[in-house]
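See structure below.
In this chain, numbering begins with 1 at the start of the sequence shown. Keep in mind that what you see is a predicted model, and the values were worked out from it rather than measured. In listed order, ligands and their atoms are each counted from 1.
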Amino acid sequence: MGGKLALLGGRPAVSAGRDRLDELFRWPIYAQEEEDAVLGVLREGGMSGTGVTKAFEKEYAAWQGSAYALGFCNGTAALQAAMFACGLGVGDEMICPSVTYWASAAQVYSLGATVAFADIDPATLCISPASIEKRISPRTKAIMVVHYLAHPADMEPIMAIAKKHGLKVIEDVSHAQGGLYKGRRLGTFGDVSAASLMSSKSLPCGEGGVLTTDGLECFERAIAFAHYERFDADIRTESLRPYIELPMGGVKGRMHQMSSAVARVQLKYYDARCAEIRKAMNYFWDLLEGVPGIQPHRVDEATGSNMAGWYAARGIYRAEELGGLSVTRFCQAVAAEGAPCGPGCNSALHTHPLFTTADIYGHGKPTRIANAARDVRELDGDLAESVRAGSRTYSIPWLKQFRPDLIEQHAEAFRKVSANYGELLADDPGDPKTIGHWHFYNSRA
Ligand SMILES: *Cc1c(COP(=O)(O)O)cnc(C)c1O
């Protein structure tokens, strides 16, 4: 195996035909059952109802092991309701990792609260417990934990910090539905969790989101915020009862029932689908064990943790093991071998003007500090791991099927580039000044 790099005129490592590759990567996976479920809702005129959604909620809560689940029109809305459910309000601070999708944090402004960004752990790429402690102030009310790129965050120390300081914990499970941390489902550690179910996520339903909690008051606050049609006389939380019938958040979060119907079918097959993905992804990384420059971003499943559906799969890059070769050049060479590969992950949110200078509501000062008791903004040089995450990560093929011969070809693409890195150094343009993405949005229509 090996030979000349494809980027320099050699034969690509991936030789499989388009059909087999399409099958390997096809997403989302659906069948007649989803089509029938969607048509059933359409034919009954049930698009704006709640019956199918309530059935989905019951199944999702039981599957995850939570007392309550509440469907939403998308994950962003579910997270906003989770923030409200935790009591985040004017002047409060929520700690959130800087490297995540914007919807882990941006909605907090709508509540009059603000966000203090924490750094990430360089190995897990999830929020660093030590960094959380540094960002706590008297106004901190909650910690947003993101199981980033399907890697479980380190929940034991995080929950200990939350307990010590009396903070609420919200889990953003949008990358890791159904994943495990030391044998226990993600989304069951914090006070409340929320997840996206949009079509590129590992549990796809179209557009949708789901909030889960074990607390009745938390559940009812989420209903009160965004579900007017369910905010009725059955509400037991006294502080909410005066306002029944109209949504306290002034927003509408109802899930489209065509999405709920798809979600019910997807959930039935989800654990088996994730098991297949993990078998494929773990095999890919096993083949690359010890290869210089490329380190896996995964967990040891012997600890009882796992990578769920391995959403937005990435690896950790170590330029120092490849003569300083930029990740940009590395990815060009792997892609030329025929394996999907690109540099970076989510860009560090604390560097975006939305979180430094934007005056969104006309306060006459940046929204970030409009209601805050202190200037929570980070300084240049803070959150060093978040800033350099882009040059330390690259996407890897998200394998949906265990097809050893195809996986071997893809692993060979990475191995071959690592082995021949010396030939890439001369024409290495280096990384651009900023590397990474504000989001991964990529629609097919
Ligand atoms: C996708 C995503 C969301 C938002 O979900 P939508 O369904 O797209 O609104 C929130 N957090 C993270 C980490 C995500 O990846």
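Between F284 and H410, the distance from one ring center to the other does not fall under 6.0 angstrom.
Aromatic ring pairs are classed by plane angle as parallel below 30°, tilted from 30° to 60° and perpendicular above 60°; the pair F414 and Y394 is tilted.
Within 6.0 Å of CD in Q401 there are more than 12 heavy atoms belonging to other residues, nucleotides or ligands. Other residues, nucleotides and ligands contribute more than 12 heavy atoms inside 6.0 Å of the CZ atom of F402.
Proximity of K201 to ligand 1, defined as any heavy-atom pair under 4.0 Å, is confined to the side chain (atoms from C-beta onward). Contacts of T76 with ligand 1, taken as heavy-atom pairs under 4.0 Å, involve both backbone and side chain.
Backbone and side-chain nitrogen or oxygen atoms of H175 are examined, and one is located within less than 3.5 angstrom of a nitrogen or oxygen of ligand 1. Among the atoms of T100, none of the N or O lies under 3.5 angstrom from an N or O of ligand 1.
Atom numbering of ligand 1 starts at 1 in the shown order; those under 4.0 Å from a heavy atom of G75 are 5 (O), 6 (P), 7 (O), 9 (O). Every atom of ligand 1 with a heavy atom of G208 under 4.0 Å away is listed here by number and element: 7 (O). Applying the 4.0 Å criterion to heavy atoms of A103 picks out, from ligand 1, the atoms 4 (C), 10 (C). Close contacts between ligand 1 and L79 involve ligand atoms 10 (C), 11 (N) [criterion: under 4.0 Å to a heavy atom]. The distance from ligand 1 to the heavy atoms of Y101 drops below 4.0 Å at these ligand atoms: 2 (C), 3 (C), 4 (C), 10 (C), 11 (N), 12 (C), 13 (C), 14 (C), 15 (O). Applying the 4.0 Å criterion to heavy atoms of S174 picks out, from ligand 1, the atoms 2 (C), 3 (C), 10 (C), 11 (N), 12 (C), 13 (C), 14 (C), 15 (O).
Given atom 11 (N) of ligand 1, the protein heavy atom at minimum distance is D172 OD2, 2.7 Å. Of the protein's non-hydrogen atoms, S196 CB, 3.0 Å is the one closest to atom 5 (O) of ligand 1.
There is a side-chain donor-acceptor pair under 3.5 Å between H350 and S98.
Paired with C331 under the rule side chain to side chain contact (heavy atoms under 4.5 Å, CB included), one option of P340, P343, S395 passes, and it is P343. Screening Y311, Y270, W310 for a side chain to side chain donor-acceptor pair (under 3.5 Å) involving S202 leaves a single residue, Y270.
Note that CH2 of W438 and CH2 of W102 are 13.5 Å apart. Values are rounded to the nearest 0.5 Å.
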